[in-house]
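Working notes, beginning with the structure itself.
To find a chain, count down the sequence lines: A is the first, B the second, and so on, and within it residues start at 1. Here the structure is a predicted model, which means the values were calculated and not measured.
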Number of protein chains: 2
Amino acid sequence: MTQGTQGKGATTSTLWDRTRRLATQEILQTALRLFTQQGYDETTIAQIAREAGVSQRTLFRYFGTKEDLIGGSEEQFVTLLTETVRKQPADAGAWEALRAAFKAALSLHTSPEQALERFRLVHHTDSLRAAYLGKRVRCQEQLLPVLEARLAPSGMDRGQARAIVATAFACFDAATATWLEGNGQGDILDLYDQGLAAVRG
Amino acid sequence: MTQGTQGKGATTSTLWDRTRRLATQEILQTALRLFTQQGYDETTIAQIAREAGVSQRTLFRYFGTKEDLIGGSEEQFVTLLTETVRKQPADAGAWEALRAAFKAALSLHTSPEQALERFRLVHHTDSLRAAYLGKRVRCQEQLLPVLEARLAPSGMDRGQARAIVATAFACFDAATATWLEGNGQGDILDLYDQGLAAVRG
DNA sequence: AACAAGTTTGGCAGGCACTGCCAGATGGGC
DNA sequence: GCCCATCTGGCAGTGCCTGCCAAACTTGTT
């Protein structure tokens, strides 16, 4: 609805878009800084807005909720996951496709340190964790139809496909939890493989 | 903290406790009725309190949050699950123990119709679902140490145990989702078995 | 360079969940 | 019947979030 005549231009040159991008980054950085400094619940929207130099009203226009100030948008995440799965070779099974999707998702983080910091924050804050889990199940639901095609040849019904997707995400979560417990030691994907091996063994 | 000199008496005779129990039921019923009638988000605490005949302040003393007005307390749930697992015979594997725990949890519902209604409500309301998922992972975490003993002989480490517990819960959730999709057709535990079979190949 | 049109912003009022505080009502033990 | 412990209700206040409207700004045109 915003820019209709943009075609596929690489650098969106309009001043509005640039300012918007800057403000987004500024807000996001400020929020993350304050959250890690004094805790999520102890940080108010008013404070973030003040220190980021925008009004509360504008902040809420950029990010719908306080929880959104943590991670990339859910939409972006869903797109990445579904596209990655879709791009997998036709002969790849559902498990491989899901693994590839997780790998792609993990590569979004700029550094393991930042990932650790973020995971820790989400993991230790009830409201944040709940919000994350909500996004997670919505991702699962979006992924289900994409994977059903890959599972139909094996004679799997919808319910079983759902169980497989849910299991993959569960093992991914378990892997990040274990990774977190070890303060970022090792590779999340390795932990994921080990967990899945224990389950499917 | 409330009654200390109660020992293990069956009928708590104090008037206070009886009134308290009555009020709890009244509030719970009113809330569930209003939620199903007009939706969770469209129902305010003020309305529930008014129709249940208590003040908002008292309602919040009985139930800490609006989400708590839906299901049994998290504590009760955790206790049931852990106790059930603990009571399983020593030679039962982790998977059987978890299955038994889910079976026990399912038997808490008074009727499949009520269970369906409740599940539907939780499933369709974002905030409720997020709260439920939060409780769920906390249950997982409490269950982990109980199951670790059962898994140690197989040479499973903590991370793998976590993956197994997470997978069981994931398949349980997938089963309820499928059950919900079929409007309560079939048995949740059967769906759980089918899902787990698909996962464990 | 000024103008018209569309978009974004900020401030205000308000709703809702939730909490701390304090006075008043109520049940329990003597 | 009395005192103490507990519970209740109302009030004010915080924090997240939304709708609304006027002011400021960007853009394309003349």
Whole-Å distance, B/K66 NZ to D/dC16 P, equals 18 Å
- Task: Could you check whether A/T19 gets within reach of a base, just the sugar-phosphate, or nothing at all, counting any heavy atom under 4.0 Å?
- Result: nothing
Between CG of A/L22 and P of D/dT26 the distance, given in whole Å, is 14 Å
### Message
With a 4.0 Å cutoff (strictly under), does any side-chain N or O of B/Y62 reach OP1 or OP2 of D/dC7?
### Response
no
**Prompt:** For D/dG9, does OP1 or OP2 lie under 4.0 Å from any side-chain N or O of B/S55?
**Reply:** yes
N/O donor-acceptor pair under 3.5 Å between A/R150 side chain and A/A92 backbone = yes
Which of D/dC20, C/dC18, D/dC17 is nearest the side chain of A/R61? It is D/dC20
Under 4.0 Å, heavy atoms only, any strand: does B/T43 hit a base, just the sugar-phosphate, or nothing? sugar-phosphate
Per atom distances to the B/R20 side chain, the nearest of C/dA17, D/dC17, D/dT8 is D/dT8
- Message: Could you check whether any side-chain N or O of B/Q88 sits under 3.5 Å from a backbone N or O of B/V85, counting only pairs where one atom can act as donor and the other as acceptor?
- Response: no
Here the distance between atom C1' of C/dA17 and atom CD of B/E67, to the nearest Å, is 9 Å
Here the distance between atom P of C/dT8 and atom CZ of A/R21, to the nearest Å, is 13 Å
Between CD1 of B/I27 and P of D/dT8 the distance, given in whole Å, is 9 Å
Self-check item: Validation row: A/Q56, A/R50 side chains within 4.5 angstrom (heavy atoms)
Solution: no
Correct closest heavy-atom pair for B/E148 and B/R158 would be OE1-NH1, 3.0 Å
**Donor + acceptor pair across side chains of B/Y192, B/D173 (<3.5 Å)** = no
In whole angstroms, the gap separating C1' of D/dC16 from CG of A/L69 amounts to 12 Å
When rounded to whole Å, the CD to P distance for the pair A/Q56 and D/dC16 reads 8 Å
Per atom distances to the B/R57 side chain, the nearest of D/dG10, D/dG15, D/dT8 is D/dG10
Closest of D/dC17, C/dG10, C/dG28 to the A/T65 side chain is D/dC17
Contacts of B/T58 and A/D41 projected onto DNA chain D by closest heavy atom; the upstream (5') one is B/T58
Please determine whether any donor N or O and acceptor N or O are separated by less than 3.5 Å between the side chain of B/R18 and the base of C/dG27.
no
